Student: 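Have a look at the structure that comes next, please.
Keep in mind that what you see is a predicted model, and the values were worked out from it rather than measured.
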Amino acid sequence: MISLRTAIIHDWLVVYNGAEKVLEEILKLYPDADLFSTVDYLEPQDRKFIMNKKVHTTFIQKLPFSKTKYRTYLPFMPLAIEQLDLSSYDLIISSSYAVAKGVITGPDQIHISYVHSPIRYAWDLQHQYLKEAGMDKGLKGYLTKFILHKIRNWDYRTANGVDFFMSNSDFIGRRIWKVYHRESQTVYPPVDTSGFSFYEQKEDFYLTASRMVPYKKIDTIVEAFSLMPNKKLVVIGDGPDMKKIKAKAGPNVMIMGYQPYQVLKDHMQRAKGFIFAAEEDFGITPLEAQACGTPVIAYGKGGSCETVKGYGKSTKPTGLFFQEQTAKAISEAITKFEKIKFNPKDCREHAIRFSPERFRREFKQFVDEKIAEKQDVLKTKATYERKSIRSFLITDVQWKKRKSAI
């Protein structure tokens with residue numbers, strides 16, 4: 001296959017989380033690609049995952065306080081992303097959960113977008129986000145809703161600039177169809193299953209680990225354990241909800257705050273169960289727990305339904321679902337969980353199916369297939385245009401001969 005000049009676009013480069021782990025694997029596939037983003041505030045020690053590449057950024061990089069307040073510039077991001085000049089590239093790959101897919105491309109370029117989610121807070125989760133942020137009422141609320149309305153219009157329109165979509169789960173594939181009315185191919189994100197080694201001996205405590213933001217429902221998990229004072233919970237993570245979560249924690253709940261990788265892995269290996277109460281697009285953390293041989297108690301909606309094999313739905317279950325994001329539902333699920341014998345080896349076996357090697361293989365295969373399809377279309381179009389021109393010239397010559405004969 002002919003080598004194509006490639007550009008990769010990511011929404012913003014500030015931290016190293018799930019979306020950035022996907023970007024890391026994409027860059028391994030296309031090491032010569034140029035990298036673009038609205039802003040780049042990665043610290044020097046954190047740039048290894050982007051291969052220490054120079055990042056081409058937008059005007060938002062130069063705006064005041066954008067290092068810490070970049071999200072407040074969301075109303076300007078559609079304009080910013082459209083100013084990136086990608087006209088010299090053959091293949092454009094966007095890794096998008098906000099605006100990256102909105103880059104402008106031409107008819108002879110191939111734009112493939114890996115979508116972590118259409119903009120959550122602009123579409124079906126708008127009301128939830130606004131309520132949790134206290135911005136669902138008043139003048140500020142109306143202004144925010146107006147801005148999100150404009151972003152929805154832009155987001156829908158720019159879907160036409162994408163040739164082919166990939167989704168990070170079937171759940172997000174359904175959201176892509178609902179929002180953009182476009183088909184997508186699911187390619188599950190990479191999970192570092194080799195880094196989270198198998199451990200069969202479990203101890204008498206449960207674990208949850210997450211950034212402490214409202215939709216993760218860590219406070220609800222902690223509240224559930226207040227109903228079960230004889231059961232132990234360890235909470236790892238930090239964030240804006242820390243104060244509220246600490247206020248709900250009883251003596252049977254240990255809140256450790258942010259912890260380094262090795263501490264998180266150690267607790268995942270030893271925990272009897274991992275609790276996950278968010279409605280996530282995919283959810284990497286439950287798979288990391290399963291890679292350790294630890295079964296999961298998860299909210300039965302969203303990506304968890306694809307990453308956890310629920311009890312009663314599989315011959316080799318790796319976890320149990322609860323159907324409401326309430327303390328009562330979680331406590332009832334834990335009571336049921338303790339009556340079930342889960343096999344740690346089944347958990348590990350299921351998790352390794354989501355390895356980085358599998359991601360790279362499926363991602364590359366999809367891109368290669370779509371490049372071939374696009375090139376075939378362009379060749380067919382060029383052949384048709386040549387035939388049309390030739391036919392016109394022949395007809396024109398015949399007409400001139402007939403005219404001279406007259």
Student: Stepwise, does the side-chain contact (heavy atoms from CB on, under 4.5 Å) test hold for I93 with Y114?
Tutor: CA-CA 7 Å; I93 298 173; Y114 186 92; 5.5 Å; no
Student: Taking the side chain from T38 and the backbone from T58, do they hold a donor-acceptor pair closer than 3.5 Å?
Tutor: no
Student: Pair E280, Y215 - check side chain to side chain donor-acceptor pair (under 3.5 Å), show working.
Tutor: CA-CA 9 Å; E280 280 283 15; Y215 86 95; 3.1 Å; yes
Student: Give a yes or no answer on whether the side chain of D11 reaches the backbone of A100 with a donor-acceptor pair at less than 3.5 Å.
Tutor: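 Indeed, once roles are kept as given, a pair shorter than 3.5 Å links the two residues.
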Student: Give the C-alpha distance, both sets of side-chain angles, the deciding distance and a yes or no for side chain to side chain donor-acceptor pair (under 3.5 Å) between S66 and Q61.
Tutor: CA-CA 6 Å; S66 61; Q61 183 84 19; 5.9 Å; no
Student: Are side-chain heavy atoms of E20 and F49 found at a separation under 4.5 Å?
Tutor: yes
Student: Of the options K53, R5, K54, which is the one that meets D34 in a salt bridge (charged side-chain N to carboxylate O under 4.0 Å, His left out)?
Tutor: R5
Student: Does R358 reach the main-chain N or O of R353 with its side chain, forming a donor-acceptor pair under 3.5 Å?
Tutor: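 Flag set: sc R358 to bb R353 pair under 3.5 Å.
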Student: For the residue pair E24 and Y16, establish whether any side-chain heavy-atom pair is separated by less than 4.5 Å.
Tutor: yes
Student: Any heavy-atom pair between the side chains of I119 and I151 that's under 4.5 Å?
Tutor: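 Side-chain contact under 4.5 Å: yes.
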Student: I'd like to know whether F337 forms a ring-ring contact (aromatic ring centres under 6.0 Å, His included) with Y311, so could you lay out the CA-CA distance, the side-chain angles of the two residues, the decisive distance to 0.1 Å, and finally the verdict.
Tutor: CA-CA 9 Å; F337 175 88; Y311 178 76; 9.9 Å; no
Student: Between T158 and N160, is the side chain to side chain donor-acceptor pair (under 3.5 Å) condition met? List the steps.
Tutor: CA-CA 5 Å; T158 56; N160 292 320; over 6 Å; no
Student: Could you check I221, L233, V235 and say which one makes a side chain to side chain contact (heavy atoms under 4.5 Å, CB included) with Y206?
Tutor: L233
Student: Could you tell me whether a side-chain N or O of R182 sits under 3.5 Å from a main-chain N or O of W177, the two making a donor and an acceptor?
Tutor: no
Student: Give a yes or no on whether a salt bridge exists between D163 and K370, defined as a side-chain N under 4.0 angstrom from a carboxylate O.
Tutor: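 Looking at D163 and K370, the cut-off is not met.
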Student: Run the salt-bridge test on K67 and E43 with the 4.0 Å N-O cut-off and return the result as yes or no.
Tutor: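 E43 and K67: salt-bridged.
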Student: Is the centre of the F196 ring less than 6.0 Å from the centre of the Y261 ring?
Tutor: yes
Student: Is there a donor-acceptor pair under 3.5 Å between the side chain of T318 and the backbone N or O of K309?
Tutor: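 Side chain of T318 to backbone of K309, a donor-acceptor pair under 3.5 Å: yes, one is there.
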Student: Give the C-alpha distance, both sets of side-chain angles, the deciding distance and a yes or no for side chain to side chain donor-acceptor pair (under 3.5 Å) between Y188 and T307.
Tutor: CA-CA 9 Å; Y188 290 118; T307 58; over 6 Å; no
Student: Is the side chain of Q290 donor-acceptor paired with the backbone N or O of P286 at a distance under 3.5 Å, no angle test?
Tutor: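 It does hold such a pair.
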Student: Please verify the inter-ring angle class for Y89 with F36; under 30° counts as parallel, over 60° as perpendicular, anything in between as tilted.
Tutor: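 Judged by the thresholds at 30° and 60°, the geometry between Y89 and F36 is perpendicular.
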Student: Indicate the ring-plane relationship of Y180 and W123, choosing parallel, tilted or perpendicular according to the 30° and 60° boundaries.
Tutor: perpendicular
Student: Report the relative orientation of the aromatic rings in F354 and F282; use parallel for angles under 30°, tilted for 30 to 60°, perpendicular for over 60°.
Tutor: tilted
Student: Test your reading of the model: is there a side-chain donor-acceptor pair from T193 to the backbone of A351, 3.5 Å cut-off?
Tutor: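 Here the side-chain-to-backbone pair does not exist.
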Student: Any sub-3.5 Å donor-acceptor pair from E306's side-chain atoms to D170's backbone N or O?
Tutor: yes
Student: Under the side chain to side chain donor-acceptor pair (under 3.5 Å) test against H116, which residue among S167, S96, S95 passes?
Tutor: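 Answer after filtering S167, S96, S95: S95.
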Student: Tell me if a side-chain donor or acceptor on E338 pairs with a main-chain N or O of I334 at a distance below 3.5 Å.
Tutor: no
